[in-house]
There are 2 protein chains.
Amino acid sequence: MEKNQKKIIQSDENCPVRKSLSLLGGKWTLLILFQINERKIRYGELKGCIPGISEKVLIQKLNHLIENKLVAKKSYPEIPPRVEYRLTKIGLKTLPVIENLTIFGLENLD
Amino acid sequence: MEKNQKKIIQSDENCPVRKSLSLLGGKWTLLILFQINERKIRYGELKGCIPGISEKVLIQKLNHLIENKLVAKKSYPEIPPRVEYRLTKIGLKTLPVIENLTIFGLENLD
DNA sequence: AATATATCTAACCTTTATGTAAGTACCTTA
DNA sequence: TAAGGTACTTACATAAAGGTTAGATATATT
């Protein structure tokens, strides 16, 4: 068991823990994914249910998640604009991870 | 609306996801916990199986984990010094979380 | 003409995280 | 006397993340 462990870590590229963390590990990302959850949600509404986040960071994180195919975006050609976000199939797979972290936090951290 | 609500939701104190992330979310923390795993391990050995980490960061993270009771440390009064680290009961509970992240990374990220 | 609306975009700054390199302590062995 | 082993510790520098403020857009409404 010990030898395999060493192999997993060697670089950022081939370490799945690092890859996951670099995508999901920021201050807001998991909260965004959790809020989107299984619904379609507009930008403004999403912003409204994540108090404290700045527009810059919200857009930045959404774009990053879109690039990595965890979130899909649909823009409607209207004025004022309307944009809907939803989780992709992959994005939906983060929900159990979030649940695990929630339980860990609730049960073990002060 | 803002002051009370903002404070409550924005702080790590009241959000279990944020609490978990602020403890586990850095670049090296989960790798350290995974390497310690179910064994006792000396500082130098641990360092040896996490290539690329600096001594400063390793010590810093270990101390942080000790403060938060995920890791326990035992020093032997010898020269040269000998120190052993192991996961506490709580620390062991991070192993499934790490496994989940690993699987997510392997299955879903390039 | 001014205002409202929703979704961004940019410039700038502060805070936090991580990296680098050198040094410390103490005893043992050569 | 010097070198070596182990586990740190410190000072300093850089990089990454996040926060603040202002503004761009394009149309409908007043």
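Predicted, not measured: the structure shown is a model, and the values here were computed from it.
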Subject >> Backbone of Val97(B) reached by a side-chain donor or acceptor of Thr94(B) within 3.5 Å >> reply: no
Original post:
Phosphate oxygens OP1/OP2 of dT7(C): is one of them under 4.0 Å from a side-chain N or O of Arg42(A)?
Top reply: yes
Original post:
Can you tell me how far P of dA17(D) sits from CG of Leu23(A), to the nearest Å?
Top reply: 12 Å
Original post:
Where the side chain of Asn37(A) meets the backbone of Phe34(A), is there a donor-acceptor pair that is under 3.5 Å apart?
Top reply: yes
Original post:
Where do Leu30(A) and Leu24(A) come nearest, in terms of heavy atoms and distance?
Top reply: CG-O, 3.6 Å
Original post:
Hey, does Leu109(B) have a side-chain heavy atom less than 4.5 Å from the side chain of Ser20(A)?
Top reply: yes
**OP:** Please report, rounded to the nearest Å, how far the P atom of dG18(D) is from the NE2 atom of His64(A).
**Re:** 11 Å
Subject >> Integer-rounded Å distance: dG18(D) C1' and Arg18(B) CZ >> reply: 11 Å
**OP:** Check every atom of dA6(C), dT9(C), dC8(D) against the side chain of Tyr43(B) and return the nucleotide holding the closest atom.
**Re:** dC8(D)
Original post:
Within the side chain of Asn108(A), is there an N or O that forms a donor-acceptor pair under 3.5 Å with the backbone of Gly105(A)?
Top reply: no
Original post:
If every non-hydrogen atom of Cys49(B) is compared with every non-hydrogen atom of Gln35(B), which pair is closest and at what distance?
Top reply: SG-OE1, 3.3 Å
**OP:** In whole angstrom, give the distance that lies between atom CG of Leu58(A) and atom C1' of dT20(D).
**Re:** 16 Å
Original post:
Once each nucleotide of nucleotides 13-30 of chain C is scored for protein heavy atoms under 4.0 Å, what B/S/- sequence comes out, 5' to 3'?
Top reply: -----BBB-----BB---
Original post:
What's the CG-P distance between Leu46(A) and dT7(C), to the nearest Å?
Top reply: 10 Å
Original post:
Taking only side-chain nitrogens and oxygens of Arg82(A), does any of them come within less than 4.0 Å of OP1 or OP2 of dT7(C)?
Top reply: no
Original post:
What is the distance from NZ of Lys74(A) to C1' of dC8(C), rounded to the nearest Å?
Top reply: 20 Å
**OP:** Provide, to the nearest angstrom, the distance between the OH atom belonging to Tyr76(B) and the P atom belonging to dT6(D).
**Re:** 16 Å
Original post:
If you look at every strand shown and take non-hydrogen atoms under 4.0 Å, does Tyr85(A) touch a base, only sugar-phosphate, or nothing?
Top reply: sugar-phosphate
Original post:
Given Ile36(A), which of Leu31(A), Leu70(A), Ile41(A) fulfils the side-chain contact (heavy atoms from CB on, under 4.5 Å) condition?
Top reply: Ile41(A)
Original post:
In whole angstroms, how far is the C1' atom of dA17(D) from the CG atom of Leu24(A)?
Top reply: 16 Å
